Amino acid sequence: MQAKKRYFILLSAGSCLALLFYFGGLQFRASRSHSRREEHSRRNGLHHPSPDHFWPRFPDALRPFVPWDQLENEDSSVHISPRQKRDANSSIYKGKKCRMESCFDFTLCKKNGFKVYVYPQQKGEKIAESYQNILAAIEGSRFYTSDPSQACLFVLSLDTLDRDQLSPQYVHNLRSKVQSLHLWNSGRNHLIFNLYSGTWPDYTEDVGFDIGQAMLAKASISTENFRPNFDVSIPLFSKDHPRTGGERGFLKFNTIPPLRKYMLVFKGKRYLTGIGSDTRNALYHVHNGEDVLLLTTCKHGKDWQKHKDSRCDRDNTEYEKYDYREMLHNATFCLVPRGRRLGSFRFLEALQAACVPVMLSNGWELPFSEVINWNQAAVIGDERLLLQIPSTIRSIHQDKILALRQQTQFLWEAYFSSVEKIVLTTLEIIQDRIFKHISRNSLIWNKHPGGLFVLPQYSSYLGDFPYYYANLGLKPPSKFTAVIHAVTPLVSQSQPVLKLLVAAARSQYCAQIIVLWNCDKPLPAKHRWPATAVPVIVIEGESKVMSSRFLPYDNIVTDAVLSLDEDTVLSTTEVDFAFTVWQSFPERIVGYPARSHFWDNSKERWGYTSKWTNDYSMVLTGAALYHKYYHYLYTHYLPASLKNMVDQLANCEDILMNFLVSAVTKLPPIKVTQKKQYKETMMGQTSRASRWADPDHFAQRQSCMNTFASWFGYMPLIHSQMRLDPVLFKDQVSILRKKYRDIERL
């Protein structure tokens with residue numbers, strides 16, 4: 001038996017060798033005969049190059065270098081199919097290999113920083129409301145410049161949002177209009193916004209013109225066509241999406257357990273044929289009519305009855321039984337299947353409703369996926385495994401469900417609640433790519449307060465911000481800097497400002513005192529200031545305006561700032577207690593004088609009140625502690641228009657600071673121990689006594705409230721009824737048992 005195997009192997013090997021020599025010999029003879037023909041032709045002067053010549057013929061001179069995305073090789077297009085020709089001419093494929101390093105000019109951003117230029121609107125060009133909102137958000141941002149020579153990024157005024165040829169918003173001849181722009185430069189350093197691309201029946205992602213080297217901020221973009229670290233995936237939003245502000249999320253209370261009436265819901269169109277129909281047509285397999293409600297209707301379009309199937313009538317009847325809003329607000333999970341395109345309006349609706357999105361859209365590059373960790377806020381499903389969705393979500397623990405719902409609310413309010421936030425998030429992502437050395441990390445983007453309020457230009461160390469002490473295992477600062485705002489000349493040694501300075505300096509937590517001299521009179525002589533155990537630095541305010549009190553002065557060496565008006569009356573004990581409270585709430589304003597806002601139905605505007613009530617929404621910065629980062633945010637985040645208004649009125653700077661901090665934290669300030677005589681003290685013989693009694697001063701503050709609310713797009717102030725007092729405050733026990741005993745004697 002073994003001998004037979006050996007003979008068989010030898011026979012096979014011999015056969016293979018014979019075949020090898022046979023074919024090799026043929027090729028060798030052909031080669032020799034070809035060489036003889038060539039030699040014979042050369043001898044007779046009849047040399048003709050053969051088409052199957054072994055070596056390619058090179059041109060006499062090398063061609064100049066042409067960028068790969070501009071290369072047009074006519075010879076190579078001869079042998080490709082018509083479909084490949086279309087793809088080659090399509091804007092989807094032309095810049096497919098673009099990255100920041102190859103298709104973006106960083107030198108434009110080094111000189112003037114990250115500035116964005118919007119082309120002026122051309123006469124006769126119509127712009128849809130959604131695109132107007134995008135352009136308005138850019139022009140109202142701190143990135144905007146009207147000078148193209150200072151710009152780092154360019155945005156078209158031509159409406160590129162809807163590139164569906166069947167849409168009434170479709171802009172014709174966009175290719176020639178874009179190419180005629182003198183700053184176009186093959187799209188380099190340009191950003192194009194797009195919500196809809198392609199049309200019936202295939203809904204491709206072609207925007208209908210050559211985008212060249214431009215970046216795309218695009219909804220419903222696929223991972224196949226998405227260029228990482230170059231394009232930005234944005235959410236699909238409706239024309240009714242608010243330009244600024246936006247509604248808050250619907251999660252009002254952290255209910256335990258976090259389960260709602262329905263486990264999984266969906267209500268939407270069902271496509272009978274064409275792209276996007278497979279998934280929605282199969283949803284009825286999962287629908288159980290109890291806690292899993294997946295309702296579809298084929299009753300849409302002009303000729304739906306021509307294509308309706310046997311389930312249409314039954315589905316339409318079931319569809320009409322349920323109210324979509326009621327389902328949305330009473331569901332734990334919301335299914336987000338793809339439509340004709342990969343994106344869906346259901347995505348943002350689920351986020352706002354604190355309904356955990358269950359994604360069923362294979363190949364969709366989720367919005368802002370470059371910075372947002374969607375595994376913390378959504379369940380990423382697979383269209384091919386639809387039947388496993390119910391068992392999968394039922395296996396998620398309640399703690400995880402609560403965390404997912406909380407994250408949906410954070411992401412909605414931080415990045416998606418308005419067109420402005422969507423646009424600013426897009427611009428901040430691009431800015432982080434350009435200035436990588438100060439870019440935000442994943443923790444900043446995925447944790448409150450989010451990337452829009454944490455400016456990396458302030459610091460690259462998270463411990464310098466008031467939001468991450470717990471994450472880093474750090475204790476809040478143990479010292480503060482007192483900043484006293486002085487506006488009246490120093491004429492007497494008994495003035496309140498000197499008593500205040502001494503009281504603050506005696507605090508065990510005081511590191512230094514800064515007197516901000518915003519008075520028109522010259523600085524007092526050094527010997528006029530009282531001697532203290534801590535350094536006293538006197539600096540002149542910039543331009544002597546109100547906003548100068550919130551400038552990020554380098555002299556402030558501590559993270560904690562005790563902001564004081566010159567006529568404030570505080571004892572050392574009050575200062576100590578307020579600081580210990582602030583250490584527990586370093587991201588908020590903590591202080592003494594409280595004010596409130598209300599909605600005046602008769603005037604349909606916001607009102608301002610200083611009445612002593614059971615709640616408040618502001619703590620004035622005349623006697624308050626906060627983190628010094630808010631000085632930087634006040635200076636660099638807020639628009640010049642609001643700060644100019646404050647400076648012209650010489651009023652409302654404290655209200656604006658409260659608006660800013662509440663908008664960032666989504667929390668109210670904290671009032672400490674009630675002090676009845678604070679109001680009377682401020683009405684004493686001081687420079688500001690007349691201002692507090694002046695009705696115009698009060699009217700100005702009412703006007704400021706409405707102007708600030710208009711810019712923010714909503715009212716960020718939040719009412720609170722919490723007041724923090726020292727332990728045993730006013731209790732009928734011995735005064736010797738109380739740590740802050742002096743507060744009760746005030």
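Fair warning: this is a prediction, and the values are worked out from it, not measured in the lab. One-based numbering along the sequence shown.
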Check: Should Cys704 and Leu656 be marked as a side-chain contact (heavy atoms from CB on, under 4.5 Å) after you check the CA-CA gap, both sets of side-chain angles, and the distance that decides it?
Finding: CA-CA 8 Å; Cys704 288; Leu656 183 55; over 6 Å; no

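- Counting heavy atoms from C-beta on, the side chains of Ile430 and Val232 come closer than 4.5 Å.
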Next item on the list: Please step through side-chain contact (heavy atoms from CB on, under 4.5 Å) for the pair Tyr740 and Glu574, ending with a clear verdict.
Entry: CA-CA 8 Å; Tyr740 301 100; Glu574 289 175 300; over 6 Å; no

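- Closest heavy-atom contact between Phe410 and Pro449: CE1-C, 3.8 Å.
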Next item on the list: Let me see the working for Thr572 and Val575 under side-chain contact (heavy atoms from CB on, under 4.5 Å), right down to the final yes or no.
Entry: CA-CA 5 Å; Thr572 302; Val575 172; 5.5 Å; no

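- The aromatic rings of Tyr637 and Phe453 are tilted relative to each other, their planes meeting at an angle between 30° and 60°.
- In this structure a side-chain-to-backbone donor-acceptor pair under 3.5 Å is present from Asn658 to Asp654.
- Formation of a donor-acceptor pair under 3.5 Å by the Asp647 side chain with backbone atoms of Ala650 is not found in this model.
- Taking the six-membered ring where the residue is Trp, Tyr469 and His627 present tilted rings, their angle falling between 30° and 60°.
- Between Ile655 and Met705 there is a side-chain heavy-atom pair separated by less than 4.5 Å.
- Rounded to the nearest 0.5 Å, atoms OG (Ser563) and CE (Met657) are 7.5 Å apart.
- For the pair Ser720 (side chain) and Met722 (backbone), a donor-acceptor distance under 3.5 Å is present.
- Remark: Glu420 does not engage Arg243 in a salt bridge, criterion side-chain N to carboxylate O under 4.0 Å.
- Screening residues 130-145 for side-chain hydrogen bond (donor to acceptor under 3.5 Å, both in side chains), with sequence neighbours left out, gives Arg142-Glu428.
- With Thr621 contributing its side chain and Ala624 its backbone, the two residues share no donor-acceptor pair below 3.5 Å.
- Of all heavy-atom pairs between Ala504 and Ala482, the closest is CB-CB, 4.3 Å.
- Panel note: side chain Ser617, backbone His597; a donor-acceptor pair is recorded below 3.5 Å.
- You'll find the side chain of Gln493 reaches within 4.5 Å of the side chain of Arg528, heavy atoms only.
- Heavy-atom contacts from other residues, nucleotides or ligands closer than 6.0 Å to CD of Glu247 number 12 or fewer.
- The distance from atom NZ of Lys115 to atom CG of Leu427, rounded to the nearest 0.5 Å, is 12.0 Å.
- The shortest non-hydrogen separation linking Asn471 to Leu443 is ND2-CD1, 4.1 Å.
- Residues His485 and Met546 meet the side-chain proximity criterion, which asks for heavy atoms closer than 4.5 Å.
- Side chain to side chain, Ser547 and Glu653 fail the donor-acceptor criterion of an N or O pair below 3.5 Å.
- Residues Ile138 and Phe193 have side chains in contact (heavy-atom distance under 4.5 Å, counting atoms from C-beta outward).
- Distance alone, capped at 3.5 Å, is enough to place a donor-acceptor pair between the Ser417 side chain and the Gly245 backbone.
- A distance of 12.5 Å separates NE2 of His448 from CG of Leu411, quoted to the nearest 0.5 Å.
- In this structure, Tyr632 has its ring center at least 6.0 angstrom away from the ring center of Tyr634.
- Counting heavy-atom neighbours within 6.0 Å of Lys666 NZ, excluding the residue itself, gives a total above 12.
- A distance below 6.0 Å separates the ring centres of Tyr608 and Phe698.
- Taking a 6.0 Å sphere around NZ of Lys239, one finds it holds 12 or fewer heavy atoms contributed by other residues, nucleotides or ligands.
- Within the 3.5 Å criterion, the main-chain N or O of Glu587 finds no donor-acceptor partner in the side chain of Tyr629.
- In terms of the salt bridge (Lys or Arg N to Asp or Glu O under 4.0 Å) criterion, residue partners of Glu125 (sequence neighbours excluded) are, by chain and number, Lys177.
- Here the side chain of Lys421 pairs no donor or acceptor atom with the backbone of Ala414 at under 3.5 angstrom.
- Listed here is the closest heavy atom pair of Gly463 and Leu474: CA-CD1, 4.0 Å.
- A distance of 9.5 Å separates CD1 of Ile484 from CD of Glu566, quoted to the nearest 0.5 Å.
- In this structure, a donor-acceptor pair under 3.5 Å is present between the side chains of Asn651 and Gln700.
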Item checked: Full working for side-chain hydrogen bond (donor to acceptor under 3.5 Å, both in side chains) between Thr558 and Thr481 -> CA-CA 6 Å; Thr558 62; Thr481 295; 2.7 Å; yes

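- For the atom pair Leu516 CG and Ile537 CD1, the distance stands at 12.0 Å (nearest 0.5 Å).
- Annotation: side chain of Pro530 is in contact with side chain of Leu501 (closest heavy-atom distance under 4.5 Å).
- From Phe579, atom CZ reaches atom OG of Ser584 across 10.5 Å, with rounding to the nearest 0.5 Å.
- Aromatic ring centres of Phe416 and Phe368 lie closer together than 6.0 Å.
- Comment: Arg723 does not engage Asp615 in a salt bridge, judged by the lack of any side-chain N to carboxylate O separation of less than 4.0 angstrom.
- For Ser494 and Ser492, the side-chain atoms include at least one donor-acceptor pair closer than 3.5 Å.
- Within a 6.0 Å radius of CG in Asn614, no more than 12 heavy atoms belonging to other residues, nucleotides or ligands are found.
- Considering all non-hydrogen atoms of both residues, Ser149 and Asp147 come closest at OG-OD1, 2.7 Å.
- Using bins of under 30°, 30° to 60° and over 60° for the plane-to-plane angle, the ring pair Phe659/Phe712 lands in the tilted bin.
- Looking only at side-chain heavy atoms (C-beta outward), Leu191 and Thr426 come within less than 4.5 Å of each other.
- Between the side chain of Ser548 and the main chain of Lys544, no donor-acceptor pair closer than 3.5 Å is present.
- Under the 6.0 Å cut-off for aromatic ring centres, Tyr626 and His631 qualify, their centroids lying closer than that.
- Considering Leu562, Val581, Thr580 as possible partners of Val590, the one that fulfils the side chain to side chain contact (heavy atoms under 4.5 Å, CB included) test is Val581.
- Cys652 and Phe708 get closest at one heavy-atom pair: O-CE1, 3.8 Å.
- Between Asp432 and Arg440, at least one side-chain nitrogen of the basic residue sits less than 4.0 Å from a carboxylate oxygen of the acidic one, meeting the salt-bridge criterion.
- For Tyr592 (side chain) and Lys671 (main-chain N/O), no donor-acceptor pair under 3.5 Å exists by modelled atom type.
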Next item on the list: Apply the test ring pair (Phe, Tyr, Trp, His ring centres under 6.0 Å) to residues Phe480 and Tyr509: give CA-CA distance (whole Å), side-chain angles for both, the deciding distance (0.1 Å), then the verdict.
Entry: CA-CA 6 Å; Phe480 68 81; Tyr509 306 112; 7.3 Å; no

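- Taking the side chain as every heavy atom from C-beta outward, Ile422 and Tyr415 never approach each other to under 4.5 Å.
- Between the side chains of Ser602 and Asp600, at least one donor N or O lies within less than 3.5 Å of an accepting N or O.
- Surrounding CD of Glu604 are at most 12 heavy atoms belonging to other residues, nucleotides or ligands under 6.0 Å away.
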